[in-house]
2 protein chains.
Amino acid sequence: MSMDFAPPKYAQVMKAIQQRIEAGEYAPGDMLPSETQLVREFAVGRTTVVRALQTLAMQGWIEREHGRGSFVKGRPDSPPDRVRPGLAVAEQAESTESVTEVERVAAPRHIARLLGVAERTPVIARRRVAKQGGRPSAVETLWFPLEVALGTDVDKPGPLRHGVRQHLQAVKHLRFDHVTERLTARNPTKEEAELLGSPKPVLGVLATVHDAAGSVLLVMSAALPGDLHELQDVYQVS
Amino acid sequence: MSMDFAPPKYAQVMKAIQQRIEAGEYAPGDMLPSETQLVREFAVGRTTVVRALQTLAMQGWIEREHGRGSFVKGRPDSPPDRVRPGLAVAEQAESTESVTEVERVAAPRHIARLLGVAERTPVIARRRVAKQGGRPSAVETLWFPLEVALGTDVDKPGPLRHGVRQHLQAVKHLRFDHVTERLTARNPTKEEAELLGSPKPVLGVLATVHDAAGSVLLVMSAALPGDLHELQDVYQVS
DNA sequence: CTCAATCACTTGTGCGGACGAGTGGGAGAA
DNA sequence: TTCTCCCACTCGTCCGCACAAGTGATTGAG
């Protein structure tokens with residue numbers, strides 16, 4: 001029985017209206033059908049219609065005027081997507097060959113500083129080699145404080161099929177809140193060069209993942225060969 | 001009788017919760033009182049409390065988890081400052097020594113493609129070497145289509161004291177709208193290495209500056225030595 | 001004709017109730 | 001002891017209803 005869940009009704013109403021706006025059926029400036037009419041058309045309660053309309057208004061699709069009606073504004077423009085290598089790494093599912101090493105090691109100085117622990121404190125280091133078309137395309141190491149790793153599988157060599165973020169949230173309710181990312185160009189370390197099979201310059205990424213309280217959940221360091229990776233970013237000029 | 005209207009109850013509830021979050025009474029990560037408790041405390045219906053909480057969640061103050069509770073995230077921050085080397089370069093004032101070369105040259109292929117002109121079309125190349133503490137810290141080249149450069153000083157060797165952006169806006173009313181930026185790690189070209197005085201890997205930045213209509217105003221290419229530059233970025237996890 | 005009251009329509013806000021589903025802990029069975 | 005089931009608690013959604021308040025056209029008194 002793989003019954004797919006129907007989306008909530010207010011979302012269905014929203015979607016229908018959005019589609020009509022995009023299709024031009026409701027043109028900018030037009031008045032939408034009144035709440036009462038929508039109630040009849042979609043056969044739902046007014047609560048539901050109102051919630052759909054108010055959400056659309058908050059998202060900028062429409063404008064509502066007390067006593068007059070709801071009016072189409074058009075598709076709201078959203079901030080363009082950005083490249084976030086730090087998050088992508090934590091999001092990524094792992095495959096069997098990607099995880100090469102998981103150990104408990106003394107934290108190197110720069111990692112310890114980012115994790116907020118004393119130098120040489122034991123931490124979990126989880127190293128992975130990402131591949132594209134059979135060739136290694138990146139070397140990534142995830143560093144976890146012991147408190148974070150405790151009771152999870154991040155300190156076990158098996159691949160995490162749903163990615164680190166999902167895993168931490170599922171088993172320990174740890175939620176990612178924000179990421180601090182530092183990026184530079186450097187030569188790969190000898191070890192990275194071997195794993196990558198190339199001594200060419202790499203993008204060095206150092207990302208710190210925090211929870212809502214600001215505690216550091218993990219640090220990610222990665223080497224992305226410059227000839228394979230290009231980070232793109234589009235932004236508005238204020 | 002100038003009775004001020006009381007704000008709606010859901011807004012009062014929102015405001016109260018926001019204030020408690022700002023005051024630290026509800027700290028990030030904390031669980032908020034349950035809907036039922038808030039109903040009792042504020043003496044309103046659940047509809048009202050739910051609306052307040054859902055609005056707060058949409059605005060990023062809190063996070064709601066089905067079956068668990070509502071949790072404080074903190075004051076929603078405006079998008080954090082990002083590093084935008086592309087824009088910084090155009091914004092920067094030039095000093096006497098920084099501009100090394102201004103020529104009219106045939107556009108190299110990759111630049112021509114970004115400018116949207118045919119290969120080998122003549123364009124203006126404006127090269128600069130940025131310095132920090134007397135040492136060269138970056139090599140930047142700005143490429144302008146002739147139509148853009150016409151009537152401006154960007155094709156003249158004198159330094160632009162207020163930066164390229166200001167200059168273009170002042171003399172030709174050209175306004176920057178958005179920037180597309182591509183970033184990678186590479187070895188410096190022979191020329192760049194000489195100017196920088198070092199063969200170490202560099203961050204290669206290629207930025208395209210557009211106006212509101214999408215036309216390309218200029219392309220910027222830069223080499224930022226990895227040992228001198230680190231780009232930092234902080235972002236919220238959705 | 002002018003103007004004000006009225007009325008039908010719109011959205012804004014609010015309540016109480018209902019049922020569903022996810023979570024987590026504790027009681028009880030194995 | 002360990003595991004499973006159950007139950008209390010959470011939020012998610014939806015309904016019907018009610019009344020307030022803004023808007024604009026119609027009506028009717030003057």
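Quick note on labels: first sequence line is chain A, next is B, and so on, each numbered from 1.
- Closest-nucleotide positions on DNA chain D for A:K9 and A:G67 were compared, and the one nearer the 5' end corresponds to A:K9.
- Taking a cutoff of 4.0 Å between a charged side-chain nitrogen and a carboxylate oxygen, A:E101 and A:K156 do not qualify as a salt bridge.
- When the nearest nucleotides of DNA chain C are assigned to A:G69 and A:T47 by heavy-atom distance, the more 5′-ward of the two goes with A:G69.
- Nearest nucleotide to the A:E35 side chain, out of D:dT23, D:dC15, C:dT11: C:dT11.
- With DNA chain D read from its 5' end, the first of the two nearest nucleotides for B:L53 and A:G45 is the one closest to B:L53.
- Judged as a side chain to side chain donor-acceptor pair (under 3.5 Å), and not counting sequence neighbours, A:Q18 has no contacts.
- If you check distances only, the side chain of B:H66 does reach the base of C:dG20 with a donor-acceptor pair under 3.5 Å.
- In this structure, the side chain to side chain donor-acceptor pair (under 3.5 Å) partners of A:R68, at least two apart in sequence or on a different chain, are A:E65.
- For B:Y10 and C:dT13, the shortest distance from a side-chain N or O to OP1 or OP2 is below 4.0 Å.
- For D:dG12, the base has a donor-acceptor partner in the side chain of B:R46 [N/O atoms by modelled type, under 3.5 angstrom].
- Taking 3.5 Å as the limit, the base of C:dG12 and the side chain of B:R51 contain no donor-acceptor pair of atoms between them.
- Checking D:dC11, D:dC14, D:dC15 against every side-chain atom of B:S34, the shortest atom distance belongs to D:dC11.
- A salt bridge between A:R75 and A:E22 is present, with a side-chain N of the basic residue lying under 4.0 Å from a carboxylate O of the acidic one.
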